Amino acid sequence: MEFRQFQNLQSPYKQPIYNLIQAHLKDIPPYLVPSNDEIATILQNPLHLVDLHLESVEFRQAIFVGVENEVPVAAAQLLFPVQDRTAWLPWIVGKSSAGDELQLFVEQLKNAAAHEGYDVIETVKQPFGVGWEGIGDVWPHLLHTITAGGFTAIEKWQSFWAEGISEVALPGDISYKSRYSDKEREYDLYLYDGKNQIGEIAIWLPGTRSVSLVEAGIADIEYIEIEEAFRGKRLGQAILSIAQTELRKHGIHRFMLWTEPDNDAMQKLAIRSGFQQGPLFHWMRADLT
């Protein structure tokens, strides 16, 4: 297998890699296939979602392609932050039939990062998705290969997704305030008992470069928090319901959220609110020293 590096994908590899990316994304809610133009734009802006919500980072990037008999069998993008020694892996794809070639590709990917002077590779938020990160268990060939290649799961997150959230009214003695920013692509809502804040939710809308996600009206619930003294009063369901009502005005009617696999309370909240269980995502890390 030949291991090739590009700043920008070139023919004849461009379309086969686009096809691989699209095939993998079909396995992840909301099961959409981004267009070639959308993929091309995001490849040039792999931190477009992170840059909206977190401090921008200066980095170099490269796309790596594994080629067998002039046919691409695997591809990945590595980001090299200027001020850090940890290389970031936003996405990796590979043919499930590649076997040994995919394993060799992972080893070559690690070698490329080490050659650039980096000590670690870690996954970061996937630029094509709704806030998720890492390797989903719906891609067992990738999960097996990178685990065998020396990557370990530093965290695991269970995903849930909903076509719509069950409506639950807020108790009359609880009030709320909300904030929406189209520029920041973010929505925040705060619950109050009198003057005391007792809960909040933060929701990230897809960046404008994610055309397919914007058109699908899906957003990422980054976190929900209800003060312990106020739990058990359906406030979690109510805050989700209010957020859904307000975000419909901005074209949002689908949602995804993430929780630790052992967080039974959050998983029960998700199911009661109308969410379905999605893939389990593994946040991966490989030490290169």
Side-chain angles (χ1 to χ4, degrees), residues 25-34 38 42 48-50 52-54 125-134 136-138 155-170 176-191 199-226 231 234-261 263-281 283:
L25 293 177
K26 285 169 62 177
D27 296 330
I28 305 294
Y31 310 109
L32 300 175
V33 178
E38 181 177 340
I42 290 175
H48 70 105
L49 180 61
V50 175
L52 281 171
H53 305 282
L54 304 173
K125 281 191 180 291
Q126 222 267 10
F128 302 107
V130 192
W132 50 272
E133 173 180 332
D137 60 1
V138 290
E155 292 187 39
K156 295 180 183 179
W157 288 81
Q158 180 62 58
S159 68
F160 290 83
W161 70 286
E163 292 282 353
I165 294 173
S166 303
E167 295 189 5
V168 173
L170 193 66
Y176 74 89
K177 295 180 181 178
S178 62
R179 182 189 74 90
Y180 171 79
S181 171
D182 192 59
K183 180 180 179 181
E184 298 173 3
R185 306 295 290 163
E186 185 169 346
Y187 170 87
D188 303 290
L189 187 149
Y190 307 93
L191 294 183
E200 64 181 301
I201 184 172
I203 299 178
W204 290 8
L205 280 65
T208 54
R209 293 184 175 93
S210 297
V211 176
S212 60
L213 300 178
V214 172
E215 292 178 347
I218 188 164
D220 164 36
I221 299 171
E222 272 294 295
Y223 65 85
I224 305 172
E225 181 64 34
I226 303 294
R231 294 174 187 172
R234 304 185 76 189
L235 293 182
Q237 289 178 267
I239 201 172
L240 284 166
S241 180
I242 296 167
Q244 173 180 246
T245 298
E246 295 204 333
L247 284 174
R248 281 196 187 114
K249 297 179 293 186
H250 305 287
I252 300 297
H253 56 91
R254 294 171 169 167
F255 297 89
M256 292 195 73
L257 64 78
W258 326 88
T259 185
E260 298 91 338
N263 190 336
D264 294 335
M266 182 57 72
Q267 295 193 38
K268 288 178 181 177
L269 170 61
I271 297 299
R272 286 197 303 266
S273 300
F275 285 78
Q276 304 175 52
Q277 185 169 304
L280 178 68
F281 288 95
W283 294 11

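Values below: every heavy atom of this structure, side chains too, minus hydrogens, waters and symmetry copies. It should be emphasised that the depicted structure is a prediction, and the values quoted were computed from it without experimental measurement.
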Task: The single option from Trp283, Trp132, Trp258 passing ring pair (Phe, Tyr, Trp, His ring centres under 6.0 Å) against Trp157 - done: Trp283
Open item on the list: Between Gln237 and Val168 (side chain of the first, backbone of the second, donor and acceptor by atom type, cut-off under 3.5 Å), is there such a pair?
Closed with: no
Open item on the list: Within the 4.5 Å heavy-atom criterion, are Pro279 and Ile28 side-chain neighbours or not?
Closed with: yes
Open item on the list: Donor-acceptor check, side chain of His48 to backbone of Pro127, threshold 3.5 angstrom: yes or no?
Closed with: yes
Task: Validation row: Leu205, Tyr180 side chains within 4.5 angstrom (heavy atoms) - done: yes
Open item on the list: Distance check, rounded to the nearest 0.5 Å: Met256 atom CE versus Trp204 atom CH2?
Closed with: 14.5 Å
Open item on the list: Taking ring pair (Phe, Tyr, Trp, His ring centres under 6.0 Å) as the definition, give me every residue that meets it alongside Tyr223, ordered by chain and number, with sequence neighbours left out.
Closed with: none
Open item on the list: Within this structure, what is the CD1-CZ distance for the pair Ile221 and Phe275, rounded to the nearest 0.5 Å?
Closed with: 4.0 Å
Task: Leu170 vs Ile239 side-chain heavy atoms within contact, under 4.5 Å - done: no
- [ ] For residues Arg272 and Ser166, determine if any side-chain heavy atom of one lies less than 4.5 Å from a side-chain heavy atom of the other.
- [x] no
Open item on the list: Ignoring hydrogens, what is the shortest heavy-atom contact between Leu49 and Gly129? Give both atom names and the distance.
Closed with: CD2-O, 4.4 Å
TODO: Please examine the side chains of Leu213 and Phe128, heavy atoms only from C-beta on, and report whether any two atoms are closer than 4.5 Å.
DONE: no
Open item on the list: If you define the side chain from C-beta out and look only at heavy atoms, does anything of Glu186 sit under 4.5 Å from Arg179?
Closed with: yes
Open item on the list: Rounded at 0.5 Å granularity, tell me how far OG in Ser212 sits from CG in Leu32.
Closed with: 5.0 Å
TODO: Please name the pair of heavy atoms, one in Asp220 and one in Gly131, separated by the smallest distance, quoted to 0.1 Å.
DONE: OD2-CA, 3.6 Å
Task: Side chain proximity check, Pro34 to Ser210, heavy atoms < 4.5 angstrom - done: no
Open item on the list: Test your reading of the model: is there a side-chain donor-acceptor pair from Glu246 to the backbone of Ser178, 3.5 Å cut-off?
Closed with: no
Open item on the list: Nearest 0.5 angstrom please: Gln267 CD to Leu257 CG, how far?
Closed with: 9.5 Å
Task: Lys125 side chain to Glu133 backbone, donor-acceptor under 3.5 Å - done: no
- [ ] Please confirm whether the backbone N or O of Asp188 pairs with a side-chain atom of Glu200, one donor and one acceptor, at under 3.5 Å?
- [x] no
Open item on the list: What I want to find out is whether Glu222 reaches Arg185 closely enough, with some N-O distance under 4.0 Å, to be called a salt bridge.
Closed with: no
Could you pull out every donor-acceptor pair under 3.5 Å between side chains of residues 248-255 and any protein atom, sequence neighbours left out?
{"from": "His253", "atom 1": "NE2", "to": "Ala216", "atom 2": "O", "distance (Å)": "3.4"}
{"from": "Arg254", "atom 1": "NE", "to": "Glu163", "atom 2": "OE1", "distance (Å)": "2.7"}

Task: Nearest heavy-atom neighbours spanning Ala243 and Leu189 - done: N-CD1, 4.3 Å
- [ ] Would you mind reporting whether Gln158 and Met266 have side-chain heavy atoms less than 4.5 Å apart?
- [x] no
- [ ] To the nearest 0.5 angstrom, please state how far the CG atom of Leu269 sits from the CG atom of Asp264.
- [x] 12.5 Å
Open item on the list: For the CG atom of Leu247 and the CD1 atom of Ile242, what is their distance to the nearest 0.5 Å?
Closed with: 11.5 Å
